[in-house]
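Naming convention: chains lettered A, B, ... in sequence-line order (proteins, then strands); numbering from 1 in each chain.
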Amino acid sequence: MALELVSPSTLIFTATLLAALSGAPLLVPRLLNASRGQLLATVLMLLASAIGLTGAILTLLLGRTELFTLPWTLPFDRPEIGIDPLSAWFLLPIFLIPGCAALYARSYWHADNSPRNVRKMTFFFGLMSGSMSAVTLARDGITFLFAWEIMALAAYFLVATEDEKPEVNAAGTLYMITTHIGTLGLFALFPFLTMTTGSWLFPAAGSLDASSPAAAAMFLTALFGFGMKAGIMPLHIWLPSAHANAPSHVSAAMSGVILKVGVYGIIRTLSFFYGVPLWWGALVLLLGAVSGIVGVAFAIGQHDLKRLLAYHSIENIGIIFMGLGVALIGQTTASAAMVLLGTAGALLHVLNHATFKALLFLGAGSVIHATGTREIDLMGGVARKLPYTALLFGVGAVAICGLPPLNGFVSELLIYLGFFRGVQGSGIAAAATALAAPALAVVGGLAVACFVKVYGIVFLGAPRTEEHAAHHEAGWQMLLPMTILAVVCAAVGLAPVLLSGMLQRASLNAFPSLGADADTSLATLAPLPIVSMTALVLLVLLAALAFWYRRRLTAAPQGEADTWGCGYQRPTPRMQYSASSFAELLTGLYAFVLKPRTHRPGIASGIFPAGTRFHSHVPEAVLELVYTPALERLYRRFLPIRRMQNGILQQYVLYILITLVVLFLSDYL
Amino acid sequence: MTQAFAVQLNSLLAALILLTAFALLAQRKILGLVHIFAWQGFFLALSTAVIGYASGEHHLYISSLLTLVMKVILLPYILYTLVRKLKIHRDIDAVVNIPTTMLLGIMLVVFSYHLTAPIRELSNLMTRSTLAVALATVMLGMLMMVTRRHAVTQILGFLAMENGLFFAATSATYGMPMVVELGVALDLLIAAFIFGIFFFHINTTFESLDVEQMAKLKETD
Amino acid sequence: MSLHPFAIELLQFVLLLGLAPAFAGWVKILKCRAQGRTAPGILQPYRDIRRLFGKDIVLAENASWIFRFTPYLVFGVTAVAAGIIPLLSVDLPLSATADVIALVMLFGIVRFFTALAGMDIGTAFGGMGSSREMMIASLAEPAMLMAVFTVSLASNSSSLTQMVAVMGQAEFAIRPSLAFALAAFIMIALAETGRIPVDNPATHLELTMVHEAMILEYSGRHLALFEWAGMMKLTIFFALGIAAFSPWGIAADGDIGALLLAFGLLVFKLAVGALIMVLIETGLAKMRLFRLPEYLGSAFLLATLGMIAFFILE
Amino acid sequence: MPASLDIAGFAVLLLLALAVLAPLLSSVRTIQIPLAFSLSAVASLAAVVAGIMTVASGSVASATISIGLPGLPFHLRLDPLAGFFLVVIGLMGLFVSIYSIGYVKGYGGVRSMTQMICFYTLFLAGMLLVVLADDAYFFLVAWELMAAASYFLVMYEDEKGENRRAAFLYLLIAHVGALAILLAFGVMAGQSGAPGFVGYTFNAMRSAQLSSGWAAAAFFLAFFGFAAKAGVIPLHVWLPEAHPVAPSNISALMSGVMLKTSIYGICRFAFDFIKVFPWWWGGVVLALGLLSAVLGVLYALMQHDLKRLLAYHSVENIGIILIGLGLSMIFAAFQMPTLAALALVAALYHTLNHAVFKGLLFMGAGAVLHATHVRNMEEMGGLIHRMPWTAPLFLVGCVSISALPPFNGFVSEWLTFQAFLLSPALPHPLLKLLIPLGAALLALTGALAAACFVKVFGVVFLGQWRGHQKPERIHEVGPSMLVGMLLAAISCLLLGIFPTWVIGWLDTIPEQLCGAKLAESAGKFGWLWLTPIAHERASYSGPVVFIGILVVVAVTWLLLHVHATSVSRVPIWDCGFVKLTPRMQYTASAFSMPIRRVLGFLFAVREQVEIVPHTNHPALPGSLQYRLRIRDRFWNWLYAPQGDAAYWVARQVGRLQQGRIQIYLLYSFVTLIVLLVFLG
């Protein structure tokens with residue numbers, strides 16, 4: 001059979017290498033000019049995506065697990081790579097999004113417009129894609145860390161694409177620092193693992209006892225290290241600025257995929273254990289809830305489009321964690337249904353979030369491209385000039401709000417179902433899930449509010465400033481990837497049944513204890529066909545409504561007039577509701593976490609008062625109120641030590657001399 | 001030349017090496033420093049030859065010759081031309097005043113003696129007692145690097161340290177293997193060239209060879 | 001035939017008293033030659049002293065008895081010191097009076113009273129000279145002690161006769177410790193006897209005077225005593241150096257032949273020593289006062305290195 | 001013939017009786033002073049006799065007086081070590097008592113004589129009892145008696161703020177020291193294993209078997225306490241404050257004698273109680289001794305207050321004594337009894353010498369003060385013409401303290417040098433190398449001391465009068481003061497010329513403490529030659545030096561005066577400058593300037609030159625004002641931070657004191673609960 005000739009694993013490895021090296025030709029400037037090189041890289045990337053997706057889907061369909069030991073030796077052990085449904089599931093977004101983003105970049109970040117950094121950007125983009133794939137393929141700690149580190153560094157260079165801007169550099173540095181602090185957690189995690197198993201190789205799923213202290217240490221270090229990458233709440237500080245300052249397609253890839261690699265790490269780590277204690281699940285659930293609510297609350301307060309989307313990533317990671325939490329609690333209470341629903345929900349949301357967040361970032365990229373600003377309050381009426389983009393962004397917005405008939409709804413539904421299963425149980429587990437369900441609801445509600453704001457302010461209304469009025473629709477190279485993503489969103493939302501088999505295999509792969517209970521399957525647990533049906537009905541109804549409305553519109557006479565100014569003679573676009581004013585109520589509600597900063601000068605008195613300004617801003621409160629002061633204090637505490645580093649050469653030699661003397665003396669004593 | 005006389009001669013040379021190490025600390029003129037360094041190298045070469053003669057380890061003659069060429073002729077010449085070219089003839093300012101440096105130096109010598117006392121008991125080489133001097137020369141070279149501001153004195157301190165190490169090698173084990181010595185000699189030569197370039201850059205950047213200027217490179221806070 | 005120890009003692013006493021001016025004259029001759037000047041005869045110092053003895057004394061009104069007593073004391077102490085150092089023979093009855101340390105301290109008396117005499121009149125010059133002299137002495141003393149210490153390590157004694165006896169009979173050996181100690185000793189001796197580069201005995205300039213400033217007010221026989229004592233002191237320091245570092249030839253007992261040989265060698269050594277000193281003096285310039293700490297510090301360092309070299313290398 | 005302990009007891013009782021009876025005599029002042037001080041002189045003489053007898057015979061006598069605590073009667077013991085210090089105290093007590101007859105008269109009518117006599121005698125008695133005490137309790141009682149009496153004597157002129165401040169500082173440090181000594185005794189008693197109060201007797205301490213850690217704790221606590229009393233740097237700060245402000249006879253006793261009780265204590269602890277100790281104890285003592293010696297003399301050089309200068313010299317000399325003690329301890333630790341004996345003898349000899357010459361110098365300073373009423377040397381000069389007797393006596397003190405032969409200071413320093421010269425015999429390689437450097441420091445100290453006393457004598461007695469008042473009003477002091485000084489000066493000379501006898505007499509002490517005798521080797525060639533270890537090593541002859549110099553000087557003088565040459569007196573030659581004034585002389589500050597420049601980094605020196613313009617033109621300054629302030633760095637390094645810390649702690653504790661009754665009740669309550677928790 002053809003499938004045997006080209007095995008899925010071969011496809012995936014080929015795709016990984018192809019992706020990683022897609023930008024390599026650009027490194028030889030003599031060989032190719034930038035534009036051609038970018039074209040070549042894009043083609044290679046698309047090829048890699050196609051091959052990789054095929055491989056991943058095949059793996060998921062076949063449910064195959066393969067392991068390969070690489071023939072060379074690293075200092076520690078023989079490296080192992082492998083492919084199984086869990087990895088394959090994560091490979092779906094890993095190959096899908098970068099492919100789309102690469103195509104998008106061909107127009108968005110065209111070589112002719114940005115000759116300075118296109119080579120770097122393209123190369124590292126490919127490298128990042130390849131390394132993300134490699135992370136999911138790694139089956140031992142060392143290989144994993146290698147791939148992980150390459151991914152982190154490549155992402156750093158991508159964040160710092162426009163390294164001539166100071167804010168970009170600051171964001172890059174923050175990302176670099178935090179990601180390495182996270183890696184530090186991993187440096188603790190793998191030795192723990194090795195101490196427990198005696199090998200750097202990953203243990204089989206469900207083979208370690210979770211009740212030991214070492215297991216707790218591993219869980220916590222993994223939660224820290226991967227959580228830092230995934231951007232869960234107190235560890236998310238790098239995320240908003242990095243995503244906001246990277247080029248949009250990079251943000252799409254980072255937000256859509258890199259965060260998911262963090263999630264992958266956690267799921268992979270959790271899969272090693274059996275007999276998970278309750279507090280693991282509760283902790284994960286709590287983190288998820290906090291990330292979800294606070295993330296979306298922060299998002300509401302933003303008026304930088306990409307920053308806002310970045311906070312939504314935190315929110316969605318929160319949702320994924322809530323799903324994971326449900327799964328873990330299910331493990332504790334031995335409820336296979338909860339495990340399956342939670343895991344499947346989380347995994348599906350991984351895919352969903354990847355698609356719709358990528359879609360949104362790409363859409364945002366188009367808008368920014370067209371308006372030349374990231375500031376929502378300066379935009380307005382974009383839909384008129386960019387109708388397709390508006391439509392596609394709308395699809396993304398609906399999807400992210402978890403509304404039917406799109407995909408966000410399906411995954412959230414699975415998680416909700418998991419909650420309900422949990423509530424049926426008893427004890428603390430039930431209480432935890434019972435408390436978590438409303439949190440998810442709040443998240444959904446707030447997300448809707450937020451996207452109403454975004455969509456309303458950006459796309460509707462009139463342009464608020466002349467210079468930032470949108471000019472032109474994006475080209476096909478930008479619209480096509482967005483369309484593909486929108487189609488995926490819609491497809492998953494409309495026909496989740498298509499994925500249920502794969503999803504179940506992936507979940508089973510992560511938590512094999514499910515297999516014990518043979519009659520548990522996603523099909524029986526979740527009413528996916530009904531979802532499809534409902535969605536279809538909804539769609540049909542909508543279409544019908546639209547058709548009818550259109551006919552009414554064409555039939556009825558219509559005239560155009562200015563907006564009624566309530567008698568006021570000179571309404572200007574500036575009088576429209578702005579993003580800040582829209583969000584004001586909600587940010588006020590969450591002021592205790594958000595700590596918004598408003599600058600309201602009094603209105604000067606007199607008959608003809610001079611101009612005044614109002615300015616409000618929701619800062620990255622966790623960074624500015626928790627980390628920065630703590631670091632400041634640390635810095636001040638260590639200031640005396642810093643005096644040792646005074647730049648005077650002699651003193652450095654003196655340190656050496658003193659050290660030498662002390663060493664000699666210590667030897668003598 | 002009898003064995004006993006050779007030992008005495010070697011002791012005298014060791015004492016002179018120690019003296020030159022102190023003279024390096026005491027000297028204020030840069031050219032004077034270069035001269036003293038050359039003398040130190042000369043005594044070192046002589047001592048190596050004496051040890052070579054007395055111990056019958058004839059490869060030490062080559063070492064001695066190498067030392068003579070490198071440390072008496074080549075390196076001083078390079079430094080000399082450097083000093084001439086960069087026009088740095090003025091007095092050297094020390095971070096710590098010279099008498100205090102001397103006292104510290106004496107303390108370091110006592111310390112070295114104290115450290116090498118056990119080795120002295122264990123070794124049966126005729127040169128064992130000069131090991132303390134060798135270690136002291138290393139320490140004094142380092143002290144020179146610590147207490148002087150000028151970049152040329154830093155390199156001289158470094159080279160004096162190397163002299164000490166070389167002397168330690170001859171007095172502790174009758175010299176290092178030839179390959180190592182050749183390698184070290186080559187390294188030194190290269191180091192001297194690199195330092196030359198380094199000086200040139202410091203000089204053009206700061207218009208001074210005072211290494212304290214380099215504190216400006218530190219990020220401010 | 002051999003002389004009685006007391007006879008040797010007396011002989012040596014007279015010898016030092018009598019030879020000192022000649023030695024000073026010799027130094028002066030060498031110095032003049034080195035500087036290309038015509039030299040006075042070797043007997044010139046004798047004539048100077050005789051002339052000064054014949055002169056009247058002019059005393060400041062407020063000079064106290066300290067001022068008048070000091071020249072005699074200085075002369076007396078120097079003369080006593082002269083009896084202690086073995087010049088010709090080790091067999092001296094008075095040599096046990098003081099070891100090297102006590103000998104140095106005897107010169108301390110000289111310095112103490114000279115400095116007091118300098119302050120007695122109450123002129124600025126005298127005070128200046130005293131103040132400088134005491135500072136130089138305070139820095140020279142530790143160095144001197146270290147040099148003595150090193151030599152005494154080698155001979156296992158601080159008694160001069162013993163040193164001469166031990167060192168004079170020791171087999172030849174290269175001893176870095178003694179070389180260092182000798183270098184230190186020469187430097188200190190230059191300081192103690194007020195020679196260039198520490199002091200210039202031939203000048204009366206305010207900026208450079210040290211010793212001369214203290215005895216500026218003296219005249220007549222007082223001055224003669226000071227001058228004579230100064231010459232003796234110079235000779236004694238040479239003798240001390242010879243005894244400590246080059247004692248070969250000093251007779252072990254009172255044998256006349258040995259004594260004659262010792263005398264011949266002594267004259268030779270003194271002549272050579274004077275040559276060395278003159279070379280140093282001609283080659284160097286007078287130092288600024290506040291460079292002296294470094295000079296004496298170097299002497300101390302050399303002496304200490306000598307001691308360390310003794311422990312490490314010998 | 002009465003036993004020596006009885007004579008000592010008589011001395012103490014006489015002094016105590018004087019203290020009690022002095023008030024009774026207050027009405028007849030003309031008799032009160034001579035009588036009281038002559039009787040204290042008699043008592044001192046008795047102490048000297050008792051001491052000399054004990055040391056000479058090497059006998060040990062003890063007695064128990066059943067007063068004191070129940071179960072712990074007062075124990076007295078007179079052994080050679082105690083006897084030696086008895087001699088030191090008695091000798092100076094004798095000289096100073098004679099001196100005081102004249103000196104104290106100067107206070108006549110202004111101040112209470114009774115107070116002076118009372119505390120003076122108590123002070124002397126306290127010192128004698130410290131030496132005689134043979135149990136910790138009695139020792140501390142005597143120690144406190146001594147401290148308290150001297151405190152009141154420092155406070156004697158209590159209307160001056162500086163006196164009160166100095167006295168307070170003195171009391172503070174004395175008590176911190178006493179506390180440490182008390183703790184040391186506690187450690188010894190606790191570790192002696194003897195039941196009840198018996199552990200507090202010195203006998204129990206002698207036989208106590210201490211572990212090395214406890215022994216070190218005991219010794220260093222005691223050392224700290226005694227060092228505070230002795231003024232060892234860095235615990236010296238009270239000394240230059242307290243000594244100058246006390247009356248000069250008291251300064252002479254405090255500086256000459258009271259400091260020595262600490263030396264006694266250290267000897268007692270190290271050589272008598274603990275006996276076996278590691279070498280580093282000696283190393284610490286030696287290092288601190290060197291530090292004190294060098295810094296003490298340097299600080300002294302910078303002073304221009306005569307008595308303050310002398311006080312710093314006490315720090316220096318205590319340092320020299322400690323050097324000897326430290327060396328002795330090092331030698332003893334390496335089982336070299338002869339060398340230990342040599343160093344110990346050097347230390348003890350210097351103790352005696354310092355007592356005599358420092359007493360002499362303080363008495364001389366008192367005489368100068370008495371005559372001029374100033375302490376600032378910058379305002380003196382030419383006193384040799386006004387005080388023809390005081391000047392030579394003071395000069396003897398100066399020469400002695402400068403360690404110049406043939407006076408006594410030289411002998412003890414020379415012995416210390418000999419001990420240094422023998423240090424290469426030590427088996428420890430590091431010590432071999434390091435200890436000679438200490439000898440260099442000692443040489444530096446000696447030379448600096450000489451410089452300092454050239455300055456003192458030159459500025460105070462030589463040159464011309466610099467002061468504001470008319471020099472004609474200055475007169476020589478009375479006979480009793482001169483006799484007191486003369487006796488001390490003669491002692492200086494005798495101790496310098498006949499060291500062999502003194503060492504022979506002392507010999508029982510090293511025999512008992514170090515287990516080796518020195519007299520045999522030291523006096524091998526008779527009284528004329530001092531050969532401490534062997535004549536091949538080193539020898540010295542005080543008599544020969546003295547006689548030799550005397551003879552040569554006399555002969556020269558005679559020879560030169562055979563023909564009378566005329567001596568004409570003229571005004572000072574002024575180098576052609578017309579208006580030479582006494583103010584142009586070198587001053588004390590000017591004299592020490594070169595050394596200040598060379599070694600000034602050790603001090604906090606602040607020099608200010610202020611030009612007061614006369615006209616507008618800078619070339620014509622009206623006058624120059626030069627101000628020099630030299631401060632002890634230790635004050636800022638050690639004491640000021642501690643003071644601040646104490647103040648800070650006090651302020652923090654002060655917060656507890658709320659002034660609200662509820663809070664106080666809460667404290668009680670909390671305390672109660674804590675106690676219950678601990679008890680339960």
### Message
Just so I understand: if I count every heavy-atom pair under 4.5 Å between each of D/A449, D/P406, D/P594 and chain C, which residue has the most?
### Response
D/P594
### Proximity breakdown for C/F67 and chain D, heavy-atom pairs closer than 4.5 Å
neither
### Task
Taking the side chain as every heavy atom from C-beta outward, state whether C/W65 and D/I384 have any atom pair closer than 4.5 Å.
yes
### Summary
Answer key: most heavy-atom pairs under 4.5 Å with chain C among D/L550, D/V454, D/L448, D/L422 is D/V454
### Message
Distance check, rounded to the nearest 0.5 Å: C/R132 atom CZ versus D/I595 atom CD1?
### Response
13.0 Å
### Query
Between C/T161, C/V100, C/N156, which residue shows the highest count of heavy-atom pairs closer than 4.5 Å to chain D?
C/N156
### Task
Working to the nearest 0.5 Å, report the span between CZ of D/F461 and CD1 of C/I66.
10.0 Å
### Query
Heavy atoms, side chains only, cut-off 4.5 Å: are C/S130 and D/F591 in contact?
yes
### Query
Is any side-chain heavy atom of D/L599 closer than 4.5 Å to a side-chain heavy atom of C/M135?
no
### Query
If we only count heavy atoms from C-beta on, is the C/S64 to D/L462 side-chain gap below 4.5 Å?
yes
### Task
For atom CZ of C/F6, decide whether the heavy atoms of other residues, nucleotides or ligands shown that lie under 6.0 angstrom number more than 12.
no
### Side chain / backbone / both / neither for C/A79 at chain D, heavy atoms under 4.5 Å
side chain
### Query
Given that the side chain runs from C-beta out, which part of D/C452 has a heavy atom under 4.5 Å from chain C: side chain, backbone, both or neither?
neither
### Summary
Looking only at C/A81, C/A224, C/A60, C/G76, the option with the highest number of non-hydrogen pairs under 4.5 Å against chain D is C/A60
#### Entry: Spacing of C/Q162 atom CD and D/H535 atom NE2 [to the nearest 0.5 Å]
7.0 Å
### Message
Looking at chain D, which one of C/S159, C/A96, C/A98, C/A115 has the largest number of heavy-atom pairs inside 4.5 Å, strictly under?
### Response
C/A96
## Note on the structure
So, the part of C/F311 with a heavy atom under 4.5 Å from chain D: the answer is side chain
### Message
Under a 4.5 Å cutoff for heavy-atom pairs, which residue among D/L404, D/V570, D/V553 has the most contacts with chain C?
### Response
D/V570
### Part of C/F310 lying under 4.5 Å from any heavy atom of chain D
neither
### Task
Tell me, for C/A165 versus chain D, whether the close heavy atoms (under 4.5 Å) come from the side chain, the backbone, both or neither.
neither
### Message
What part of C/F112 gets within 4.5 angstrom of chain D, counting heavy atoms only: side chain, backbone, both, or neither?
### Response
both
### Task
Supply the atom-to-atom distance C/L225 CG to D/L560 CG, rounded to the nearest 0.5 angstrom.
5.5 Å
### Query
Do C/L145 and D/F420 come close enough that some side-chain heavy atom pair is under 4.5 Å?
no
### Query
Measuring heavy-atom distances to chain C, does D/A590 have an atom under 4.5 Å in its side chain, in its backbone, in both, or in neither?
backbone
### Task
Determine the minimum heavy-atom distance between D/S423 and C/F149, stating which atoms define it.
OG-CZ, 4.1 Å
### Message
Looking at C/S157 and D/R537, would you say the former's side chain and the latter's main chain have a donor-acceptor pair under 3.5 Å?
### Response
yes
### Task
Please report the C-alpha distance between C/D99 and D/Y540 in whole Å, then the side-chain angles of each, then the deciding distance to 0.1 Å, and finally whether the side-chain contact (heavy atoms from CB on, under 4.5 Å) criterion is met.
CA-CA 7 Å; C/D99 65 344; D/Y540 167 70; 5.6 Å; no
### Task
Find the one option among C/M134, C/R68, C/M163, C/M144 whose heavy-atom pairs under 4.5 Å with chain D are most numerous.
C/M134
#### Entry: Contacting region of C/T97 [heavy-atom separation from chain D under 4.5 Å]
both
#### Entry: Minimum heavy-atom distance C/P293-D/V598, with the two atoms named
CG-CG2, 3.4 Å
### Summary
Correct closest heavy-atom pair for D/Y586 and C/S131 would be CE2-CB, 3.6 Å
### Task
Sort and list the pairs that fulfil salt bridge (Lys or Arg N to Asp or Glu O under 4.0 Å) and have at least one residue in residues 111-127 of chain C, not counting sequence neighbours.
C/R111-C/E141, C/R111-C/E192
### Query
Do D/Q418 and C/S158 have side-chain heavy atoms sitting under 4.5 Å apart?
yes
### Query
Is it true that atom CZ of D/R569 has more than 12 heavy atoms of other residues, nucleotides or ligands lying nearer than 6.0 Å?
yes
### Task
Check whether D/S402 gets within reach of chain C through its side chain, its backbone, both or neither, counting any heavy atom under 4.5 Å.
side chain
#### Entry: chain D contact via C/M146 - side chain, backbone, both or neither, heavy atoms under 4.5 Å
side chain
Could you pull out every donor-acceptor pair under 3.5 Å between side chains of residues 432-445 of chain D and any protein atom, sequence neighbours left out?
{"from": "D/T445", "atom 1": "OG1", "to": "D/L441", "atom 2": "O", "distance (Å)": "2.7"}

### Task
Identify which of C/S138, C/A143, C/A117, C/G83 forms the greatest number of heavy-atom pairs closer than 4.5 Å to chain D.
C/S138
#### Entry: Distance in Å, C/L289 CG paired with D/R597 CZ, rounded so as to fall on 0.5 Å steps
8.0 Å
### Query
Any idea which heavy atoms bring D/Q464 and C/I121 closest together, and the distance?
NE2-O, 3.7 Å
### Query
Based on non-hydrogen pairs under 4.5 Å, which of D/E413, D/R466, D/H561 is most in contact with chain C?
D/H561
### Summary
Most heavy-atom pairs under 4.5 Å with chain C, out of D/P424, D/G542, D/G548, D/G381, belong to D/P424
### Task
State, to 0.1 Å, how close C/A137 and D/A447 come at their nearest heavy-atom pair, and which atoms those are.
O-CB, 4.0 Å
### Task
Indicate the atoms forming the closest heavy-atom contact of D/P405 with C/L106, along with that distance.
CG-CD2, 3.8 Å
### Summary
Of the listed D/A538, D/S592, D/P429, D/A403, the one with the largest count of heavy-atom pairs under 4.5 Å with chain C is D/A538
### Query
Between atom CG of C/L116 and atom CG of D/L395, what is the distance when rounded to the nearest 0.5 Å?
6.5 Å
### Query
Heavy-atom distance under 4.5 Å to chain D: side chain of C/I312, backbone, both or neither?
neither
### Task
Would you mind checking which part of D/V459 comes under 4.5 Å of any heavy atom in chain C, side chain (CB onward), backbone (N, CA, C, O), both or neither?
both
### Message
Quick check: do D/W414 and C/M105 have side-chain heavy atoms less than 4.5 Å from each other?
### Response
no
### Query
With only heavy atoms counted, which part of C/L73 is less than 4.5 Å from chain D, the side chain, the backbone, both or neither?
both
#### Entry: Contacting region of C/E133 [heavy-atom separation from chain D under 4.5 Å]
neither
### Task
Side chain from CB out, backbone as N, CA, C, O: work out which of these in C/I57 comes under 4.5 Å of a heavy atom of chain D, or both, or neither.
both
